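These notes are about the structure you will find just below.
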Amino acid sequence: MSTPTQINEEYDIVIAGGGVAGCVVAGRLAAADPDLRILILEAGPPTYNDPAHVQPARYPSHLAPGSRTVRVHTSRPSAALGGRSAAVPCGQCLGGGGSVNFMMYTRASASDYDDWETVHENPGWGSKDLIPLLRMTETYQVPGGGPTHGTDGPLKVSLGGISHDFQEPFVQVARTLDPARAGKPYYIDTNDLLTINVYTRWPRWINEETGTRSDVPHNLIYPLKETRPNLHYVTGIHVKHVTFDDENRATGVAFTFNPLFHPDGPAETRTVRGTKLVVISAGSFGSPGILERSGIGAKGVLEGVGVKQRVDLPGVGENYQDHNMLFIPYLAADEAQTFDAIFHNDEGAIDAAITEFSKTGMDPLSHNAVEAGIKWRPDPSELAKLGPEFQEVWDSYFVNSPDKPVLWIGIFSVLVGDATLVPRRKYFTMGVYTEYPVARGHVHITHGEDVSASLDFVPGYLESMADVKVLTWGYKFSREIARRMPHFRGEPAALHPAFDPGSKAAAVQHAEGPVAFDTPRIEYSDEDDRALEAYARATVSTTWHALGTCAMKPRERGGVVDSRLNVYGVQGLKVADLSIGPGNVSANTYSTALVIGEKAAVIIAEELGIKWRYGN
Ligand SMILES: Cc1cc2nc3c(=O)[nH]c(=O)nc-3n(C[C@H](O)[C@H](O)[C@H](O)COP(=O)(O)OP(=O)(O)OC[C@H]3O[C@@H](n4cnc5c(N)ncnc54)[C@H](O)[C@@H]3O)c2cc1C
């Protein structure tokens, strides 16, 4: 493998962006064909054996102010967000989001991928085609894994090293409160692509044998150091645009050194050739930008930044999707085991954890504080309460897909929220996210040359009332679970809706313990509902699941790539990352980014005539 800035003139395959999917493509192809010369150009730094990437519980450091392992994209201010801008951090390092993420192991519904195949007209992308690839990616170390799970893949999935005081109690409380969804075993698998509506513990992308994060570089790239000298990765590189010959065939990329990581690097733009293929894999924010700087996109966008149009492809940068998330914190008992000290950089707690980690490779750093949850789908009476705005969405999207949940609801054994607004103590947090938000957004470049320039970004969060209704329902529903949790000690008013102090819904700031199970559910007046909606608009957050901005669908329907991942209108150029997702998935998106990488590797291997046995 190359040293950080040594780049040859030519490779067989140049991969622009070394995130999840890019590293899967590179690692799989390099392993399959030792003669294939592959170059990954990645904007961020390397990650090899860096504790911030390897030790799971250190992940909040990537989101701290000043972090260089994520790039934060700030949206236009939006009335739907109470006038504020949304900030969406994306992974910026070798491994991309997979090396900084929360490691929640969640898989899509089978019908999500089946929709990719049928609704969006992509043969070969249905669940029956992707399940063998999902299996190939993972080793499922959780007891009781069914046939959709892998047994010998490179990325390990486990329950992590420690179970905190919120995992079993959440499941027990929720099942007692909601008996209609109880009756299934506590350890039931809700990540088999079909099972939903069960409260259960939540697995993690953590190797239970080593206690380390299951990211792609440490499992598919770094291990090839000795055996695959033809696999090169170079970090701290901004890919500006793709280069083409006269027949619109991609010949390579033009790049600059990212000044953040090479402050003394050369300023001029350089090029490198990819003689067989160029693969753009820069994520849902980066990939449309590379296409637009290459002259592939909507006329108006390109004219606005002075880029000459090569291909008229108005779908580039459109169709932006994410999940909309609320984090709702609660006070926890002093004796509860939580991650607050570690997450908020209490040196004593971290030192103790590191000592433990170095001795055992496990507790308590081999955990992500995401304890348990449910992929929640309403019954008829709940559906009625979600109101007419959502009913329309239900009728058109959900009703015939019984594997599609509407919300994810779960529990974190830590404060997730603005720590400056509340005292230092122990917390737990309920998280709720909308699985298929209705509203769409976009991301476009604002500068024709400068890769660091901010983007024209509209996330679409809460622009549809149906999305507001679902999310605010999630607040109410999860609050009933939270206040019955054994370690519940109150509701920090600063991080809850501004209900009138005289309202029945007003935050209970301090409690001696949980409320009794038969306590009536909180009633919300119209005024309370308005306060709750304002809260949702003021606090709704990204779930870090950006998707869809180079959608794989027919060109005439706004598609950017075909089902072989080829960019329309040119040759020798593919996009392979989460940006190709034509429709949303009911899951945290690492698993889907991985399977896109796997599928891309299969397609490329087929086209290059590389013999490779895949699928277990
Ligand atoms: C903070 C955070 C928490 C998350 N938590 C979870 C979770 O718990 N579970 C889960 O399933 N999913 C989670 N995700 C989502 C998951 O990690 C992403 O969906 C996944 O990383 C997307 O993969 P990708 O290959 O599409 O892009 P990425 O992994 O984002 O990779 C794109 C890469 O391209 C690089 N790049 C961009 N532009 C350029 C350019 N011009 N030149 C060179 N390189 C460029 C970027 O630096 C990046 O490394 C999280 C993501 C984040 C950011």
Side-chain angles (χ1 to χ4, degrees), residues 14-25 40-45 47 56 59-63 67-73 88-108 157 191 202-206 213-217 233-242 253-258 260-261 280-291 293 322-323 325 368-370 410 412 431 445 450-452 455 541-550 575-581 585 587-597 600:
V14 172
I15 302 177
V20 170
C23 285
V24 171
V25 170
I40 306 173
L41 294 174
E42 163 53 39
T47 48
Y59 71 86
S61 68
H62 300 292
L63 296 179
S67 164
R68 304 193 323 164
T69 48
V70 296
R71 179 171 172 188
V72 181
H73 298 284
V88 180
C90 290
Q92 178 179 253
C93 55
L94 199 73
S99 297
V100 301
N101 71 20
F102 293 16
M103 294 154 284
M104 264 180 79
Y105 173 80
T106 316
R107 285 159 133 201
V157 181
N191 285 302
W202 219 265
R204 307 170 185 104
W205 288 100
I206 293 174
R213 169 193 288 276
S214 294
D215 71 351
V216 186
Y233 65 86
V234 184
T235 56
I237 299 293
H238 272 155
V239 174
K240 284 177 75 173
H241 59 84
V242 179
V253 301
F255 65 89
T256 54
F257 287 78
N258 183 348
L260 202 57
F261 301 102
I280 300 179
S281 192
S284 295
F285 288 92
S287 291
I290 294 176
L291 287 177
R293 285 189 298 274
D322 189 348
H323 298 122
M325 187 141 196
N368 63 353
V370 186
F412 298 69
I445 55 171
D450 182 1
V451 180
S452 304
L455 297 171
S541 129
T542 175
T543 316
W544 306 278
H545 297 164
L547 169 148
T549 52
C550 297
V575 178
D577 58 31
L578 206 57
S579 71
I580 64 124
V585 291
N588 303 57
T589 43
Y590 186 32
S591 162
T592 298
L594 287 165
V595 84
I596 289 169

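Computed from a predicted structure; not experimentally measured. We're numbering straight along the sequence, starting at 1. Note that ligands are numbered from 1 as they come in the structure, with each ligand's atoms numbered from 1 the same way.
Between Gln92 and ligand 1, no N or O atom pair is found at a separation short of 3.5 Å. Residue Met104 has at least one N or O atom closer than 3.5 Å to an N or O atom of ligand 1. Considering backbone and side-chain N/O atoms, Phe102 comes within less than 3.5 Å of an N/O atom of ligand 1. Polar contact with ligand 1: present for Cys93 (N/O pair, distance under 3.5 Å). The shortest N or O to N or O distance between Ala43 and ligand 1 is below 3.5 Å.
A side chain to side chain contact (heavy atoms under 4.5 Å, CB included) with Ser281 is found for one member of Asp577, Ile290, Val239 and no other, namely Asp577.
If you number the atoms of ligand 1 from 1 as listed, the ones under 4.0 Å from a heavy atom of Ala21 come out as 25 (O). The contact set between ligand 1 and Leu578, taken as ligand atoms under 4.0 Å from a residue heavy atom, comprises 19 (O), 26 (O). Heavy-atom proximity to Ser281, at under 4.0 Å, picks out these atoms of ligand 1: 32 (C), 33 (C), 34 (O). Close contacts between ligand 1 and Ile237 involve ligand atoms 42 (N), 43 (C) [criterion: under 4.0 Å to a heavy atom]. Those atoms of ligand 1 with a heavy atom of Gly97 less than 4.0 angstrom away are 17 (O), 21 (O), 28 (P), 29 (O), 30 (O). With ligand atoms numbered from 1 in the order given, ligand 1 contributes 1 (C), 2 (C), 3 (C), 4 (C), 14 (N), 15 (C), 50 (C), 51 (C), 52 (C), 53 (C) to contacts under 4.0 Å with heavy atoms of Trp544. Within the listing of ligand 1, atoms 41 (N) sit less than 4.0 angstrom from a heavy atom of Val451. Residue Gly98 has at least one heavy-atom neighbour below 4.0 Å for each of these atoms of ligand 1: 17 (O), 21 (O).
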Would you mind writing out the side-chain donor-acceptor pairs for residues 589-596 within the sub-3.5 Å range, not counting sequence neighbours?
{"residue": "Tyr590", "atom": "OH", "partner": "Ser214", "partner atom": "O", "Å": "2.7"}
{"residue": "Thr592", "atom": "OG1", "partner": "Tyr113", "partner atom": "OH", "Å": "2.7"}

I'd like to know whether Thr106 forms a side-chain contact (heavy atoms from CB on, under 4.5 Å) with Trp202, so could you lay out the CA-CA distance, the side-chain angles of the two residues, the decisive distance to 0.1 Å, and finally the verdict. CA-CA 8 Å; Thr106 316; Trp202 219 265; 3.1 Å; yes
Could you give me the CA-CA distance, side-chain angles and deciding distance for Cys23 and Leu94, then say whether side-chain contact (heavy atoms from CB on, under 4.5 Å) is met? CA-CA 8 Å; Cys23 285; Leu94 199 73; 4.2 Å; yes
Apply side-chain contact (heavy atoms from CB on, under 4.5 Å) to Leu455 and Phe285, showing your working. CA-CA 8 Å; Leu455 297 171; Phe285 288 92; 3.8 Å; yes
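Residues Pro89 and Thr542 are in side-chain contact: their nearest non-hydrogen atoms beyond the backbone lie under 4.5 Å apart. Counting heavy atoms from C-beta outward, Leu63 and Phe102 have side chains that approach closer than 4.5 Å. Contact check for Asn101 versus Arg213: side-chain heavy atoms found under the 4.5 Å cut-off. Considering only heavy atoms from C-beta on, Tyr59 stays 4.5 Å or farther from Val100 through its side chain. Looking at Gln92 and Phe261, their side chains come closer than 4.5 Å, going by heavy atoms from C-beta outward.
The backbone N or O of Ile237 lies less than 3.5 Å from no partner atom in the side chain of Asn258, so there is not a single donor-acceptor pair. Looking at Thr549, its side chain does come within 3.5 Å of a backbone N or O of Ser284 through a donor-acceptor pair. For the pair Thr235 (side chain) and Glu42 (backbone), a donor-acceptor distance under 3.5 Å is absent. Looking only at distances, a side-chain donor or acceptor of Arg204 sits under 3.5 Å from a matching main-chain atom of Val370.
Closest protein heavy atom to atom 10 (C) of ligand 1: Asn588 CB, 3.2 Å. At the shortest separation from atom 12 (N) of ligand 1 among protein heavy atoms lies Tyr590 N, 3.3 Å. Looking only at protein heavy atoms, the nearest one to atom 24 (P) of ligand 1 is Asp577 CB, 4.0 Å. When only non-hydrogen protein atoms are considered, atom 31 (O) of ligand 1 lies nearest to Gly19 CA, 3.1 Å. Summary of contacts: the protein heavy atom closest to atom 39 (C) of ligand 1 is Ala282 CB, 3.8 Å. In terms of protein heavy-atom proximity, atom 40 (C) of ligand 1 is nearest to Val239 N, 3.7 Å.
Of the listed residues (Val20, Leu94, Thr106, Asn101), the one carrying the non-hydrogen atom nearest atom 14 (N) of ligand 1 is Asn101. The closest heavy-atom contact to atom 22 (C) of ligand 1, among the options Gly22, Ala546, Ser284, Ala593, comes from Ala593. The residue from Thr589, Val100, Val575, Thr592 that puts a heavy atom closest to atom 16 (C) of ligand 1 is Thr589. Scanning Gly283, Gly91, Gly289 for the heavy atom closest to atom 46 (C) of ligand 1 points to Gly91. For the residues Glu42, Met103, His545, Arg71, the heavy atom positioned nearest atom 47 (O) of ligand 1 is part of Glu42.
With sequence neighbours excluded, the residues satisfying salt bridge (Lys or Arg N to Asp or Glu O under 4.0 Å) with Arg107 are Glu138.
Using a 4.0 Å cut-off between heavy atoms, Leu41 contacts ligand 1 through its backbone alone, with no side-chain atom that close. The backbone of His238, and not its side chain, has at least one atom closer than 4.0 Å to an atom of ligand 1 (non-hydrogen atoms only; backbone = N, CA, C, O). When heavy-atom distances to ligand 1 are checked against a 4.0 Å cut-off, Pro89 comes that close only through its backbone atoms N, CA, C and O.
The two atoms that bring Ser452 and His238 nearest to each other are OG-CE1, 3.3 Å, heavy atoms only.
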